[in-house]
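Letters A, B, ... are given to chains in the order of the sequence lines, protein chains preceding strands, and every chain is numbered from 1.
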Amino acid sequence: MPRSSLSLSRRGLLASAAGLGVAALAGRSGFAATPTAGGVLRYATLGLDTSDPHRHTGSIAVQQCYVEALTSIAADGSVEPFLAERFTVSPDGRNYRFELRPGVTFHNGDPLTAADVVANIERVKSKVKGGWLASAMKLVDGAAADGPNVVTLSLSKPYAPLLNLFSELWILSPKSDGWAETIKTPIGTGPFTFGTWVPKVKLTAPAYRNYWRSGEPHLSAIEFDLGDGTDKALALRAGDLHVANVERDTVEALVASGKVDIKALKDTAWFSIAFNNRKPRPPFDDPRVRSAIALAVDKAAIMKFVGGAEGVVTNQLVAPGNVYFDQALHDADPFAKPDLAKAKALLAEARVKPEDHTIEFVSWVGPYPQIVVQMVRKLGFKVNHVALDDIGAQKRLGQYDWDMNAMSSGPRADLFLRWVRLMTDGPNPVLWGGIQDAELDRTITAAVEEPDLARRKAIYLDATRRVAEKVYFVVLGHAPDLVAVAKTVQGYEPGFTWACHWASGGVARAALVAA
Amino acid sequence: MRRLLPVVTALAAGLARALAIVAVAFFLCRVMPGDVVDVLGLEGGLTDAQQAELRAALGLDRPVIAQFVDWGAQALGGDFGRSVRFDRPVAEMLVHAAPVTLELALGSFGVGIGLAFGLAIAATSLRSRVLDAVIDALNVWSIAVPTFCAGVVGIIVFSLWLGWLPVIGSLVLPILIIGLDNAGQIVKLVREDLAEAVMLPHVRTARAKGLSPWRIALVHVLPVAAPIALVLSGLVLSGLVAGTLTMEILFGLPGIGSLMLNAVHGRDLPVVLAAVTVVAVALVAINTLVDALHRLIDPRVTR
Amino acid sequence: MSPAGTMASGGGRRMAPGTAAALVVVGAIVLGAVAAPWLTDLSPLDQDLGGLNRGPSAEHLLGTDVLGRDILARLLWGARTTLMVGTLGTLLAFALGAGVGLAAIVFGRLTETLWFAVIDLVRALPATLLGVLLIVALGSGMAPVVIALGLSYAPLVALVVRTAHAREAARDYVAAAASFGGGRLHVLVHHILPNLAGTLVTQAAIVLPRCIVTESVLSFLGLGSSPDEPTWGRMIADASRFIEKAPHAILAPIVALVVLTTALSILGGRLRRALDPTRAAVAPAEPSAAILAGEGALS
Amino acid sequence: MTATTELRDAPIDAAGHRAPSAAASDRTPGDPRAVPVLEVHDLGIRTGGRDLVAGVTFSIGAGRTLALIGQSGSGKSMTAAAIMGLLPPDVTVSAETRIELDGRRLPHADDGAMRAFRGTALAMVFQDPMSCLNPFMTVGAQIEEALWRRGVVDPVVRRERSLALMAAVELPTPESLRRRLPHELSGGQQQRIMLAMALAAEPRLLIADEPTSALDASVQAEILALLARLQARFGMAILFITHDLAAARRLGHEIMVMRHGRVVDFGAPRTIFTTPRHPHTRALVAVREMLERPPAPRRSAGTPVLEIAGVGFDYPPRRFLDRPSPALREVSLTLTAGRSLGVIGESGSGKSTLAAIVAGLKTPISGDVRLFGTSLAAHRFALPRALRRRVQIVFQNPHGALNPRHTIATAMREPLDLLHIGPRRARPERVAEALGWVGLDPDLRLRHPHALSGGQRQRVAIARALLSEPDLLVCDEVVSALDATVGAEILDLLRRLQAERGFALMFVGHDLEVVRWIADEIAVLADGRLVEHGPADRVLVAPASVAARRLVEAGRRADQPSDPAK
């Protein structure tokens, strides 16, 4: 990767990508003329697992269109007001005050009140088990309605990610069917309503005519395709879909079809190789051996394969351009370029003959791990590559009877959601080898509790250095997920995460024009 | 009563078989690595303690046998339980999925049987080497070319280049592709069977009677081929129940097959079991029906 | 055993051109598999990330695939795994279907009934589902795929063998052997197995290519053999996403498969005739055999 | 018969028909029927450069029957197929051939044109009526179809006419029979339906290709008699094809003998029988004469070798919970050393099952079999080796009895090895020796069965059975699959071997003449029960049971020429 591109801002980076064959991202967010009303947008990115927004786990792309939160994540990753028109945080980071937007109504016509918000916070706190939101809510000492439009919140200790995470605390009418247990028909405030849902097949979401932002939505409905078998690229080209996530290898044909523009999520997915940190097997418990393996891996080649021109090589959990990104640390990446000679020297130093060892290598099915495996083989190690389905891989990783993996993880509303997995009791730590490092735990906790951004960044960097020093895992780089948008769609630009709707963008502003 | 006895035993055997199939599926599901809690926890950030709690709530920590018995008792009462993943009644999901698969299966069944018999009859009555070559080619095709390849090519040609069909949801291509595949698998047998049938003594009698080839084919040859047609139909049908899977995946058809595959990947046990049960019962029903029809059609079977 | 003798007795005949061609094709494929290391310097796993899905060139005679791997090398090396997976799957199917099936028949009515009840059971379980469940349960890799293939096709072989056995067992020479005090085992080894050979060979010619294709279907569903073991099926599945961009990548394995299938079925038919010393087309191919072959397919 | 009036379109006025007479048997040049119905000139049939039939010339006049006799492979059925235009696709008629029907040349090369004659002027009846009838159509519909082909359009008329035809072929209760499917009828009834279908065509020529060979003896005679009566009534010419000299004599005005695709003999029945010209004809006649004069039964009363006591057997049910069907009930028989017992019965009477039980191949559900005083029941019918050596069985079909994959030597080694006969080293020699016993060249042992003729194969089977020098030989229909001359040789061989070796013989058959020839005493089975058992003479002269009487009468009728003048 040319060094110059590393210093580009995210936006600039993506723009340069456009010049390399991927359609331009810039300048399409507004309307050239008055948007046309009506039309059904066919949208296919991620699935929908539950009709209860509070119980939703994992990446979410659908439910934002019918339920909204107090905050949302803007395209640049910053927190922006949403149902809360204004919010303030006390200097100690323990008291929050949200002023609700006036004129917001639920789909059943009820106005949104502070009491409703408090009820939602209480519901998540008491009813929802698991999930980072629920964990965060455990810190909430008290949530109270201060008049009809103000909600106050006090925490037992400072919790920096709270505003970001509040973008996923969806506010529903307590009158929603199933409120006491599992919500069957969510009543939200979004621009579209929860219509009919057939799991794994589709969700039809008709427009909500009394949406609080007047003039929106333009569409009459959205049809979410929730199936995950179809080749979406083919469907896009045939005009069966308007918006869909696409694999990089289909971009060329899609662009050539002239029917779609290729855009990218603003946050990135990150790619890594990790070692078994919980029960490491010699010689892979030796940082020198780990470093040698890392040195065999050509990060640039891999990131070019998985990310095309937009793939970035780095050694951090965030991509260049992110507020937490540190250029100096990036420049000091010892694994930025493969160096087989150095790798072999390290192995010799550790008295390890690679041909005597077979690396038990676990991955999901797909081409990217195969590339890593081939690179590791070049070092002389034998590799037994076990490619499994989603759960199979995760279960196997949980047995800690392997040596190495190659995994990736998608966009998140807050950086903390990446770091939490590296903690000893973090949720699902297997992808990163189940690190058990009290020192690292303390650092991450400190970062979370630090209200000041600059200081927080510094602490996170300490944690980054700690990981690098122990070679728990090696970040290969970042690449954005791609979303193809039909040329007939106006006013739609993918956001920071998979969310289909947020305060400053999304499907509420999209419209269909005649092809 | 004596006439009913075979029917009753056949039904009992069929039911026993369906039950056994479901049991096999159940235990296979249980030995699969990971369960639905892992799925929910994968991205959802559940700690181990939370996962254990959820497992206990779902009864996944109980002995396999007990789980199966519970499930079986409920299923007998028509209650297939709820999808753990989607927290919906499984029956509802099946109701959505079944018609898709049914349409796909019946359509390709018609195409397959029609094509196979059409070709075989034509080749037999015309004694055409060209048609025999076509039959051989179709047979090799069905053995060597996976349906998903044909599917991808079909999409490119008919959906992209010609723009005749949508990619998602259209049944035309999958029906044609499975139909072609089925036809290829049986056409040679039908051809051989007909070739044998025209050599049968009673066909010679018909010729000696001076009947037209047309009448001979229709009245004297085809009925002989009917039993094997029936057997083949039964096999094609039972093959179809499973055979539609790749097409459902490729064409994004929300049928039983994709429901099942998704549920396997999601370790959504109640859905897998319900889908397997439906398929198994369908297969047993088809086999029983074919058997009954066979007895009905061929007067000699009952002898 | 006698097949060699009977082959010899017909050895004077000129070989049909089709048979010769089929022999050459199968021979070439087997040879290609065995001699893969000497036929190409390129490794089937080495990637050229700078040249993905390239068309044929002097460097890569058949072009490269989605990971920039040489398709010719993958085809040749893949023939090894492909034939291995196919053959092992077929062997397992035959071991379970023919081996255990015949043993069950020989041991008497009860074992026969029991075993064929099991066979019926497996048969009634949709093959695709069986494959999916098995592979997910056992994990990926060659062994689970072989087991899935073997289990999927065993019922077919078992039923064919049972039909053929019933046909043979009704022959007078079997009764004659029994009248000399020949036990079931004697009858099986001396009379039934040799006469079943033709049927089994025909069956194998059908099951082997089906196993290969089925493996590709499993790969397509993300359940194939290990990514380190190139098979034609995996090549087909991998390339199916790039049919438009790189048609050569999918054409190569499919053409190879079609050629192998055709050759195998020609040889199967020929062998069946050769194994039949009367040389008369006495028994047409057991319909049940090929029918069930169709049914066993996962496609 | 009232049916006559209903058959309004009877092709030939019954009055104009001349009953065949002795004088008419021989064709005379001055015959008023100078234009024959069928004239075949220089018929040649070829396939793949090989002549199947060559130079066959004959003619048949109206109301006359030509009996075409020959053994399997003689080309007699090909000749019939050529006349009908029903030759298999790869078989062609030579260019010289001229076939004329009523003086018009038949377009035998053109299937479409031939169709105009089939079902109208030409009709044919085949060997196995069960398989020759469409199993899915009621028999009435099949007759009506033939009438429809003949242009009887009105369904009511068609129905009436079909009933009349069924009556004409002497079927009882046509009204109820017409709604039946073929398999619901007996073999004789099926063949009558075939005849009715043929008659529906009102043919000038009826070809009957072995119309009775597949039928039980008693039915054979009835059908032959019916054919004669039908000819007397409708006056068509008949080409009657048979391998049975007795049947030919019974029905034919002339007899033509074919061998290897050529006519070897031709003449009036009396001439053929009294002064056969060709050696082959002589051999055929000799067989008849041999069968008509069975050797005197042996009057020995040695120790019993076989005692069957109250044996019963069920065919096992085909599916779970089906009922077993009875095959044998309470059969008791005794056979003493050196004698031969003929077991006779119609198909399905259980005679082969009895043979299998005696040979230890089937286990009865009740009763006991004592071989040489040893109870088989005591051994649960698993014969000890010593006993196995003493009882051997030969089967009907010499094709099936030898594994096609094994050489003769291998096949014959099997009993030697299994029964531990003689020292291992001496066994090959013994095989060669045994082939000599049955008059075969020992060099044959290197061949496979398919390289042998049917007769040779049966000799091998007998030689193999004799290897263990059995005291009881069970022969299950050993000659019924063979041509008459070959069958006679085998019978003769058996008798000779029995005389030489003194074994007792249990001979199962369905042909009374054959059984009578070889057996000293005869047992008659009907529906699984023993209905008659006694000395051959007694059973034949004064049968006590209905079944036995039927068999004997059928045999007697088959023996008599139909022409009373003869």
> Taking side chain as everything from C-beta outward and backbone as N, CA, C, O, which of these in A/L226 sits under 4.5 Å from a heavy atom of chain B? Side chain, backbone, both or neither.
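For A/L226, there is no contact with chain B at all, as no heavy atom is under 4.5 Å.
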> Does CD in A/E252 sit with more than 12 non-hydrogen atoms of other residues, nucleotides or ligands closer than 6.0 Å?
no
> Heavy-atom pairs under 4.5 Å with chain B: which of A/S257, A/A238, A/S51, A/P199 has the most?
A/P199
> For A/V198, which of B/M93, B/H96, B/E92 qualifies under side chain to side chain contact (heavy atoms under 4.5 Å, CB included)?
B/H96
